[in-house]
Amino acid sequence: MGLAKRIIPCLDVDAGRVVKGVKFIDIRDAGDPVEVARRYDREGADEITFLDITASSDQRDTIVHVVEDVAGEVFIPLTVGGGIRNTDDILRMLNAGADKVAINTAAVFNPAFVRKATDSFGSQCIVVAIDAKQVSAEGEPKRWEIFTHGGRKPTGVDAIAWAKRMADHGAGEILLTSMDRDGTKIGFDLELTRAISRAIEIPVIASGGVGNLQHLVDGVRQGEADAVLAASIFHFAEYSIGEAKSYMREQGVEVRQ
Amino acid sequence: MHTIAVVDYSMGNLRSVSKAIAHVADDVRVLVTDDAEAIANAERVVFPGQGAARDCMAAIERHGLRGVILAAAREKPFLGICMGLQVLLSHSQENRGTELLGLFPGEVRRFASGMTDHGQRLKIPHMGWSQVNQTRPHPLWKDIDDGARFYFVHSYHVDPDDASLTAATTDYGIRYASAIARDNLFAVQFHPEKSAAAGLTLLRNFVQWKP
């Protein structure tokens, strides 16, 4: 038996509440983050990721309290992303009880920040989040570029080259979200996931598009991802983490009991 | 009241470790400290650590903790976690070669690039949940299944000269020692504070351990 493929539920948190945007527009309330995190832990989640999407600056501290509350009772790795701009932000999250932070936009604007962060805090706690979108036309060889600001702003940077660069800067893993698939429930962008996973030595977490349990299996089998992240299928209790693991195990994927 | 010192030498996030111990231990004071006297006076010592070997060694010296860590490792219930295991050996390949505390002769080696398992490429760092195979009975394994999964994140692993130190092995491309034990000392490569029920059980066993 080797390394288990990780299942990571993601909680999008806005002003202290769990929400999930469909294509970043439609928002439904999914509950109290501490309650939800506790439930995922009980069900056997391998890690939990919090994505802070709070827009107003006067409520930015709410995520710190959420992490503090969760870290006092849930003893699995916790990752926090969204709005991590400098080493003070990282320190604040780690002190609150986060084990890793996910850096996205700030890495694009200042790649050296990732190097600085991994030097200061260690690669193990620095995740680089990449939002990628297909830019090649039908019939052309597939090509993806990275986007910032929740997928709204193009950068012109090739996603595979960017992932390699971030790995060279010491990132501990890559959280890869397909903007084409996020919220669609039609499955991961498997070609994108496989291309990135093969290009770098560090682990890749596949994200964006999970609508059923077979999609999770496809992500690790065809996408060659080391971990799979999903939000809505778990929040609205369409499936429990336990059901996801049983299904993956039946399909021959190694998971933690 | 019993005091457990969690050694704080500015290497990594000690909050999870102290919170997890506090969660399993009722009438115990958990003290996160870099004070040599406080560590020397504690009944038990937890020695965590993250980051690069050279930085860890430099931080131990800067905080003036070499002597008190080595004394605790010889005298009282002592739990090393992650880098807190690795720096107990004599030498690491990390940072083009780093001298360590040298309590146990042996080398800390990097996982080789391009390892595979059943045709699958193994990523570095080794990150996630792997099985811990107990190689001998030990009070800290109480109520933990042989082969239970724990959470790992590391690129280097220990290779102690004295094979009898090994208390558990884990397979990741190679089979390596993921826990070592001698007398009052137990040290693990994985993170019990992040390993859900199995990890909390191990921490509870440590708190109750009377070596």
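Just so it is clear, the values below take in all heavy atoms, side chains as well, and ignore hydrogens, waters and symmetry mates. To find a chain, count down the sequence lines: A is the first, B the second, and so on, and within it residues start at 1.
- Rounding to the nearest 0.5 Å places OG of Ser123(A) at 14.0 Å from NE2 of His154(B).
- In this structure, the side chains of His126(B) and Leu3(A) come closer than 4.5 Å at one or more pairs of heavy atoms.
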> After noting the C-alpha distance and the side-chain angles of Glu254(A) and Gln120(B), does the key distance pass the side chain to side chain contact (heavy atoms under 4.5 Å, CB included) rule?
Replying inline: CA-CA 12 Å; Glu254(A) 200 170 333; Gln120(B) 259 187 13; over 6 Å; no
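- What you find for Asp55(B) and Asp119(A) is that their closest heavy atoms are OD2-O, 4.5 Å.
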> Hey, mind stepping through Phe121(A) and Gln50(B) against side chain to side chain contact (heavy atoms under 4.5 Å, CB included) and telling me if it holds?
Replying inline: CA-CA 8 Å; Phe121(A) 303 104; Gln50(B) 288 175 338; over 6 Å; no
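- The candidate with the highest count of non-hydrogen atom pairs below 4.5 Å against chain B, out of Arg6(A), Glu73(A), Gln257(A), is Arg6(A).
- With a 6.0 Å radius and a threshold of 12 heavy atoms from other residues, nucleotides or ligands, Arg62(B) has its CZ atom above the threshold.
- Ile7(A) CD1 to Trp129(B) CH2: the interatomic distance, rounded to the nearest 0.5 Å, is 12.5 Å.
- Residue Arg175(B) places its CZ atom among 12 or fewer non-hydrogen atoms of other residues, nucleotides or ligands, all under 6.0 Å distant.
- Around NZ of Lys164(A), the count of heavy atoms belonging to other residues, nucleotides or ligands within 6.0 Å does not exceed 12.
- Among the candidates Leu94(A), Leu91(A), Val74(A), Leu78(A), the residue making the largest number of heavy-atom pairs closer than 4.5 Å to chain B is Leu94(A).
- A salt bridge does not link Glu68(A) with Lys19(B): every distance from a Lys NZ or Arg NE/NH1/NH2 to an Asp or Glu carboxylate oxygen is 4.0 Å or more.
- Contacts between residues 191-206 of chain B and chain A, defined by a heavy-atom separation under 4.5 Å, are made by Glu193(B), Lys194(B), Ser195(B), Ala196(B), Leu200(B).
- Considering every non-hydrogen atom in both Ser113(B) and Glu201(A), the closest pair reads OG-OE2, 3.0 Å.
- Annotation: side-chain hydrogen bond (donor to acceptor under 3.5 Å, both in side chains) contacts involving residues 191-200 of chain A, sequence neighbours excluded, comprise Lys142(A)-Glu191(A), Ser197(A)-Lys123(B), Arg198(A)-Glu224(A).
- Considering only heavy atoms from C-beta on, Gln131(B) stays 4.5 Å or farther from Arg256(A) through its side chain.
- Per-residue heavy-atom pair counts under 4.5 Å with chain B were compared for Ala4(A), Ser120(A), Ala45(A), and the maximum is reached by Ala4(A).
- Per-residue heavy-atom pair counts under 4.5 Å with chain A were compared for Val153(B), Thr170(B), Ile124(B), and the maximum is reached by Ile124(B).
- In this structure, CD in Gln124(A) is found 7.5 Å from SG in Cys82(B), a value given to the nearest 0.5 Å.
- In this structure, the portion of Ala98(A) lying under 4.5 Å from any heavy atom of chain B is its backbone and not its side chain.
- Residue Ala52(B): no heavy atom, backbone or side chain, is found under 4.5 Å from chain A.
- Phe75(A) has its side chain out of reach of Val24(B): every pair of non-hydrogen atoms, C-beta onward, lies at least 4.5 Å apart.
- Annotation: side chain of Ser16(B) is not in contact with side chain of Pro77(A) (no heavy-atom distance under 4.5 Å).
- Pairs of residues two or more places apart, or lying in two chains, never qualify as side-chain hydrogen bond (donor to acceptor under 3.5 Å, both in side chains) while including a residue from residues 74-88 of chain A.
- Note on Gly51(B), Pro125(B), Gly114(B): by heavy-atom pairs under 4.5 Å with chain A, the leading option is Pro125(B).
- Closest of all the heavy-atom pairs between Arg15(B) and Gly97(A) is CD-N, 3.8 Å.
- With a threshold of 4.5 angstrom between heavy atoms, Asp226(A) approaches chain B through side-chain atoms but not through N, CA, C or O.
- Scanning for salt bridge (charged side-chain N to carboxylate O under 4.0 Å, His left out) contacts around Arg39(A) gives Glu43(A), with sequence neighbours left out.
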